[in-house]
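Since the structure comes first, as structure tokens, the remarks are kept for the end.
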Protein chains: 2
Amino acid sequence: MFRDDDVCDLIQIDLVRVSAIRSALTAPGSVQALADTFSALGDPTRVRILDALSHGELCVCDLAAVLRLSQSAVSHQLRLLRGLRLVRPRRDGRVVFYSLDDQHIMAIFRQTLQHVEEGQKQGAGKREAGDGGPKPRASAHAKAAGGRRR
Amino acid sequence: MFRDDDVCDLIQIDLVRVSAIRSALTAPGSVQALADTFSALGDPTRVRILDALSHGELCVCDLAAVLRLSQSAVSHQLRLLRGLRLVRPRRDGRVVFYSLDDQHIMAIFRQTLQHVEEGQKQGAGKREAGDGGPKPRASAHAKAAGGRRR
DNA sequence: GTATTGTATGAACAACTGTTCATATGTTCA
DNA sequence: TGAACATATGAACAGTTGTTCATACAATAC
């Protein structure tokens, strides 16, 4: 944990600036909301669900068929996405159609894809997450490490 | 898992559309890259780090002081963020300064905050993640549940 | 060289998460 | 009403993640 006497006492440490920045930080509530939302987006299955829904409204069953997932898995994920208002349900008989809740989501996707692709340009040959190659399912504590190459 | 004979055979199931959408889906590599990036953003500590850095370049020690975190915790998280090119290090003697890697990140933050706040407007009184109130640290498998109220 | 200091990293542990299986809920049709 | 079917949900398990502690690395000062 952080202790006040643990602060390094270099000249660079500008305590004034530190407390200035600290008081300008985003409110904890918003931080948590941001993290929750990004967390929901931070799973391949959910990314795929939203990607599929970007092509238009789909019922749970169609969604499962499109993504080749079990109905249960899709339903569980939809529940999560629904809770964060990333998707919206519409009931029609016994079928429930889901659609993207608003336009922000696709905008966020586009922005982030831009960031990712930009990095791929720069670091060509460096292999970062998402180069299309067959990957060993990026695993524990080494996911975004600086230098992996097995 | 998904089995082909598990497809519900309603009229709504449009197998043509299903395969049409499937072939239009974002490539697996990009999906993974998106998920990895969102995953990195999906943690309060990392959100706070990026938020702090949005006020300008900071050394690890200052960052720890601003956020009241241990140097080790900050360093571990910076490593992750660095791997995804969300932050960029600059060495000056023994001090390493970190800054946001590009402008996309803040743009993504803004978009997402907009989404979150928009939802708060609509669902006023419904309590979604991030309303500023003291929360019991939103826990396991119930994080974004549809109907919570204890 | 050694001491000092800022940063990085490995191991380990508790907490969290995504999927599956079994089952419940809700809607339509006979 | 009861059968059929689309969707939702609870429990449980394996896999993943964030923090801490101890320690290594790197750059400067002596």
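Quick note: numbers below take in every heavy atom, side chains included, and nothing from hydrogens, waters or symmetry partners. Each chain gets a letter, A, B and so on, in the order the sequences are listed, and its residues count up from 1.
Residues that satisfy the side chain to side chain contact (heavy atoms under 4.5 Å, CB included) test with A:A107, not counting sequence neighbours, are A:R110, B:Q111. Under the rule for a side chain to side chain contact (heavy atoms under 4.5 Å, CB included), the partners of B:V96 that lie at least two apart in sequence or sit in another chain are B:P89, B:R91, B:Y98. Here B:E117 pairs with B:L113 under the side chain to side chain contact (heavy atoms under 4.5 Å, CB included) rule; sequence neighbours left out. Every residue meeting the side chain to side chain contact (heavy atoms under 4.5 Å, CB included) condition with B:S54, not counting sequence neighbours, appears here in chain and number order: B:D51, B:L100, B:M106.
Here ring-ring contact (aromatic ring centres under 6.0 Å, His included) pairs that include residues 15-37 of chain A, with residues two or more places apart or in two chains, number zero.
If you take CG of B:D36 and C1' of D:dT16, they are 13 Å apart, rounded to a whole angstrom. As rounded to whole Å, 14 Å separates atom P of C:dG18 from atom CZ of A:R48. Taking atom CZ of A:R90 as the reference point, atom C1' of D:dA6 lies 15 Å away to the nearest angstrom. Atom CD in A:Q32 sits about 12 Å away from atom P in C:dC16, given to the nearest Å. Residue A:L78 contributes atom CG, which lies 14 Å from atom C1' of C:dT19 at whole-angstrom precision. Residue A:I49 contributes atom CD1, which lies 14 Å from atom C1' of D:dT7 at whole-angstrom precision. The CZ-C1' distance, from A:R79 to C:dT25, rounds to 13 Å in whole Å. Here the P atom of nucleotide D:dA6 and the CG atom of A:L63 are 15 Å apart, to the nearest Å.
Of the candidate nucleotides C:dG18, D:dG18, D:dA6, D:dG18 has the atom nearest to the side chain of B:L80. Picking from D:dA8, D:dA6, C:dT20 the nucleotide with the shortest atom distance to the side chain of A:V60 gives D:dA8. Of all nucleotides listed (C:dT20, C:dG18, D:dT9), D:dT9 comes nearest to the side chain of A:R82.
For the pair B:H76 and D:dT19, the ring geometry does not qualify as stacking, because the centroid separation below 5.5 Å and plane angle under 30° are not jointly satisfied.
Inter-residue side-chain proximity for B:R46 and B:L41 is flagged as unmet; no heavy-atom pair is nearer than 4.5 Å.
For A:S75, no side-chain nitrogen or oxygen approaches OP1 or OP2 of D:dT7 to under 4.0 Å. Listed pair B:Y98 / C:dA8 meets the phosphate criterion, a side-chain N or O lying under 4.0 Å from OP1 or OP2. Applying the 4.0 Å criterion to OP1 and OP2 of D:dT19, one finds that B:Q77 has a side-chain N or O inside that range. Regarding contacts with the backbone of C:dC21, every side-chain N or O of A:S70 stays at 4.0 angstrom or more from both OP1 and OP2.
For the pair A:P44 and B:V31, the tightest heavy-atom approach, listed with the atom from each and the gap, is O-CG1, 3.7 Å.
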- Task: Assign a letter to each nucleotide of nucleotides 22-30 of chain D from its 5' end: B, base within under 4.0 Å of a protein heavy atom; S, sugar-phosphate only; -, no contact.
- Result: B----BB--
